A.B. asks: 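Quick one: the structure is below, and I'll ask about it shortly.
Here the structure is a predicted model, which means the values were calculated and not measured. The first residue in the sequence is number 1, and the count goes up from there.
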Amino acid sequence: VEDRMQAKDLQKKYTPKRRRTNFVPRRKILINPFKVKPRPPAGFEAKSLMTLQNAVAVILRKDEMSFSREELYRLVESLCIHKKSQELYQKLNYQCKTHIQNIIRILSDRKWGKAEVGSMPERKDDGKFLYNVQKVWQDHSKQFSTIRSIFLYLDRTYVLPHLRLTSIRGMGLSLLRDSLQNEASVLRHISDAILAVIRKDRLNAGSTDASLLRTVLGMLSELKIYSSSFEASFLAETIAFYKAEGERLVSSLKIPEYLIHAERRLGEERKRVQDYLVEATKRPLIEAVEQTLIATHVKHLSKPGVESLVAANRKEDLQRMYVLFQRVDGLVPLRRAFLEYIKHAGAKIVESKNASTEEKMIPNLLAFKGHLDKLVLESFASDDEFSYALKQGFEHFVGAADYHVAELLARYLDGLLCRHHLRSVSDQEAEALFSPAMAVFSYVQSKDIFRGHYQLDLGNRLLRNRSTSRKIESMMLGKLRSVCGAEFTKAMEAMFRDISNSEEESETFRKAIRDGKVGTPPVDLGIRILTDGSWPEAKYEGGCNLPKEITDSQLCFEKFYTKAHTNRKLVWQYERSSAIVLAQYATGRKEFEVSAFQASILLAFSGGNRLTAAEIAKASGIEAKQLERTMLSLLNARIVKKYGDKYGANDDYRSKFFRIKVARVIPKAKAKERQKIQKQAFADRSVVIDAMVVRIMKMRKSLSHSELIGEVVKSVKFACTAKDIQTRIKNLLNRDFIEVDGNNPQVYNYRA
């Protein structure tokens, strides 16, 4: 109780006081009903009905009314109040029905001509007929809008509560629809006339009144007879039209022109929907055009289209083909055609065996790969299926010439790594330069063949100082290691360590000379100490006679090295050695970068000596075959000249360069190197296959011949045939690693 009192006190305290105003008390008004129900005057209902009937007739005749709409509305209201709603609605329905039937009958009776369903008569009166239909519909809409405004009270108080009745507007639509359906010829004529106009529009045979068609088709849509009376025949006519057009144009137009035509037709049909067709027609209409113009001809267009467009680098046309084919689920044939083109075009690139075309094979292959990559990105929207087709195609034709591609790719990278401009390139530029070659390398299956050639070229670059950037060389090894593993680059990394260790050893030797610990050698030698087994084997070409200054320098370094490294032996490899020979001509001084054998011969001509072949052989100490090749290289370079039966230095030698690198003549060396590398690769593969067979048999214990071969093929990382595996299985059988099952000769068992 105390809380309530406190709440009331607070409410009084904080509630603002209202001002007093003059208070007027409410008055109660009581309305008593009539004692007698009021009735309309005699004849009022009949007169009102007649007035409304006349007014409706005036509206339907489009005459001027002498009554105001307000007066007519009041009459309708009065009749509805006096329970005449049903009679009023029925009379209105009958009057409108009679009028509409007469209008439709007039349309039917006029000599418009008749046509079969689906036919496309090109009559001049089609447009006039449609204008009349448009006029009928516009008049109908306007008239029933006026009628509804007059009979609005009836619509709200009588029609709305009765669910079975339709509104005044709905009644007008229903009556018009029934009348048209009863006069099938009129409805058919409307459809045929519209189809004729659309056909002319598709044939560009005349202008089209989009507003007229939009009104007439809108009428059919509002009457809910659009689908049954027009859409079905319109789609059937569309299919027939574009089917005939597609069959005619696909053989007469070029493929890019046909694709442009199909794309233009699709755009026209979309605009047609936007201008006057019902939106619901858009999907079946576009599907009909796509099926007749595109889907039907996918197989016919795919192969020749891809061949011509890809070869001509028509990116926009290929993109158009991809987009159009995608709409009709036609990408499978397109992808198949793309794959076949890659196989065929790639095979042409790698099948060439001429020396002149071999140099261009890898650049052409890289250009081909870059070209296809751009097409997949720009024309095929980076579609995974087309990227996979590109991968499949390259694996196919590169695998067909696997050894050849592996060798030429290694040779291409060797030429690339010897370019002088690489010294100034950034990391991003180097990545862009070598990434395409590494992409092709990923398709090479015989990576061991590539490794043999790449390692041989790497050795030549390191020993002859042909590599322009040690950083880029390391980057390439990193790329190879990431793709093939650390074992793949193990020997090549050891070669780099040998070069680094040689540089450190040379610096230590020079420091010992400066400190007086070692005698000063007559000649400054650049020593490269190579670890046996890490470098590709070089064929021994015999020795040669070197000047005493050089041999004394060799002995000086040997003493220093053997003292620092006990139990190590140095073997000089003259076939890998090089020298700089100075020559003084009347035109100036020249430097020749030559091999040790070439230097030995040139030094024999020092002082203007002219020697016979036998004297040169004795002075140089070079074996006969090597001497012949070396002399040929010097004669080709025009440094040495033949004077009768003797040879001597060419006193008239001319060159714009100060330092000249003299090439070597090594006949058939490439073929021998190739055979040697392949032989070593096959030997390494045999070891891998043996290990794989033993590992599989150790896990499985027993396997059939076909299962074992299948397991080995899946496990090894290089391409091998069943014959290769079978040879190694026989070897393992002889070595008692596995045995043939006693009950089944096609089954092998593991021997523990």
Side-chain angles (χ1 to χ4, degrees), residues 254-260 262-263 294 298 301-327 330-352 357 359-401 405 408-409 412-413 415-416 419 421-422 425-444 475-476 479 482-483:
K254 295 180 180 179
I255 291 177
E257 295 173 352
Y258 183 83
L259 295 173
I260 293 173
E263 187 178 51
I294 304 170
V298 163
L301 296 172
S302 295
K303 186 176 181 179
V306 168
E307 289 178 355
S308 59
L309 297 180
V310 173
N313 198 24
R314 302 279 291 270
K315 296 179 183 178
E316 293 183 2
D317 292 324
L318 275 172
Q319 183 182 23
R320 183 178 294 108
M321 176 180 280
Y322 174 80
V323 172
L324 292 176
F325 283 21
Q326 188 180 37
R327 299 178 66 90
L331 292 183
V332 173
L334 184 63
R335 176 190 169 278
R336 191 181 301 116
F338 184 59
L339 175 60
E340 291 301 321
Y341 172 81
I342 294 172
K343 290 180 179 179
H344 182 69
K348 286 185 177 180
I349 296 175
V350 301
E351 283 176 358
S352 60
T357 56
E359 296 181 0
K360 300 179 181 179
M361 178 189 291
I362 298 301
N364 291 343
L365 205 56
L366 297 179
F368 184 58
K369 177 70 166 55
H371 169 56
L372 295 179
D373 284 339
K374 287 183 179 180
L375 289 181
V376 171
L377 176 65
E378 299 176 11
S379 300
F380 301 136
S382 299
D383 193 314
D384 292 339
E385 292 295 325
F386 284 83
S387 299
Y388 184 64
L390 175 60
K391 178 177 179 291
Q392 281 183 310
F394 266 78
E395 287 176 348
H396 175 80
F397 71 77
V398 170
V405 174
L408 293 180
L409 183 60
Y412 171 80
L413 289 173
L416 209 59
R419 293 181 181 177
H421 75 275
L422 291 182
V425 299
S426 62
D427 293 343
Q428 293 79 4
E429 291 172 337
E431 182 72 23
L433 188 62
F434 289 96
S435 291
M438 291 304 299
V440 173
F441 174 71
S442 65
Y443 302 124
V444 175
M475 181 199 73
M476 271 302 302
K479 285 180 174 293
S482 64
V483 174

A.B. asks: For the residue pair Y443 and V398, what are the closest heavy atoms and their distance?
C.D. replies: O-CG1, 3.7 Å
A.B. asks: Could you tell me whether the side chain of S387 reaches within less than 4.5 Å of the side chain of F380, counting heavy atoms only?
C.D. replies: no
A.B. asks: So which atom in F434 and which in L416 form the shortest heavy-atom distance, rounded to 0.1 Å?
C.D. replies: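 Of all heavy-atom pairs spanning F434 and L416, the closest is CE2-CD2, 3.5 Å.
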A.B. asks: Which pair of heavy atoms, one from M321 and one from L301, lies closest together, and at what distance?
C.D. replies: CE-O, 3.9 Å
A.B. asks: Would you find a donor on one side and an acceptor on the other, under 3.5 Å apart, between the side chain of H371 and the backbone of V310?
C.D. replies: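 Side chain of H371 to backbone of V310, a donor-acceptor pair under 3.5 Å: yes, one is there.
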A.B. asks: Give the minimum heavy-atom separation between V405 and M361, together with the two atoms involved.
C.D. replies: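 Nearest heavy atoms, V405 then M361: CG2-SD, 4.5 Å.
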A.B. asks: Run the side-chain contact (heavy atoms from CB on, under 4.5 Å) test against E429 and tell me which residues pass, sequence neighbours left out.
C.D. replies: V425, S426
A.B. asks: Yes or no on side-chain contact (heavy atoms from CB on, under 4.5 Å) for L318 and Y322, after CA distance, side-chain angles and deciding distance?
C.D. replies: CA-CA 6 Å; L318 275 172; Y322 174 80; over 6 Å; no
A.B. asks: I'd like to know if the side chain of S442 reaches the main chain of A439, judged simply by a donor and an acceptor atom lying under 3.5 Å from each other, with no hydrogens or angles considered.
C.D. replies: yes
A.B. asks: Is R314 close to P256 at the side-chain level, that is, under 4.5 Å between some pair of heavy atoms?
C.D. replies: yes
A.B. asks: Would you check if F397 and I349 make a side-chain contact, meaning some heavy-atom pair closer than 4.5 Å?
C.D. replies: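 Of all side-chain heavy-atom pairs linking I349 with F397, none is under 4.5 Å.
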A.B. asks: Determine whether I255 and P304 make a side-chain contact, defined as any pair of heavy atoms from C-beta on separated by less than 4.5 Å.
C.D. replies: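 Touching, per the 4.5 Å side-chain cut-off.
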A.B. asks: Would you be so kind as to tabulate the donor-acceptor pairs closer than 3.5 Å made by side chains of residues 333-347, with sequence neighbours excluded?
C.D. replies:
unit_1	atom_1	unit_2	atom_2	d
R335	NE	E385	O	3.2
R335	NH2	Q392	OE1	2.8

A.B. asks: Do R320 and E316 meet the salt-bridge criterion of a basic N to acidic O distance under 4.0 Å?
C.D. replies: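 Looking at E316 and R320, the cut-off is not met.
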A.B. asks: Which residues pass the salt bridge (charged side-chain N to carboxylate O under 4.0 Å, His left out) test with D427, sequence neighbours left out?
C.D. replies: K471
A.B. asks: So which atom in P436 and which in A432 form the shortest heavy-atom distance, rounded to 0.1 Å?
C.D. replies: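 What the structure gives for the nearest pair is CD-O, 3.2 Å.
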A.B. asks: Heavy-atom distance under 4.5 Å between the side chains of E431 and K479, does that happen here?
C.D. replies: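 In contact.
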A.B. asks: Do N313 and L375 come within less than 4.5 Å of each other through their side chains, counting heavy atoms only?
C.D. replies: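 Yes - at least one pair of side-chain heavy atoms lies under 4.5 Å apart.
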A.B. asks: Give a yes or no on whether K303 atom NZ has more than 12 heavy-atom contacts from other residues, nucleotides or ligands under 6.0 Å away.
C.D. replies: no
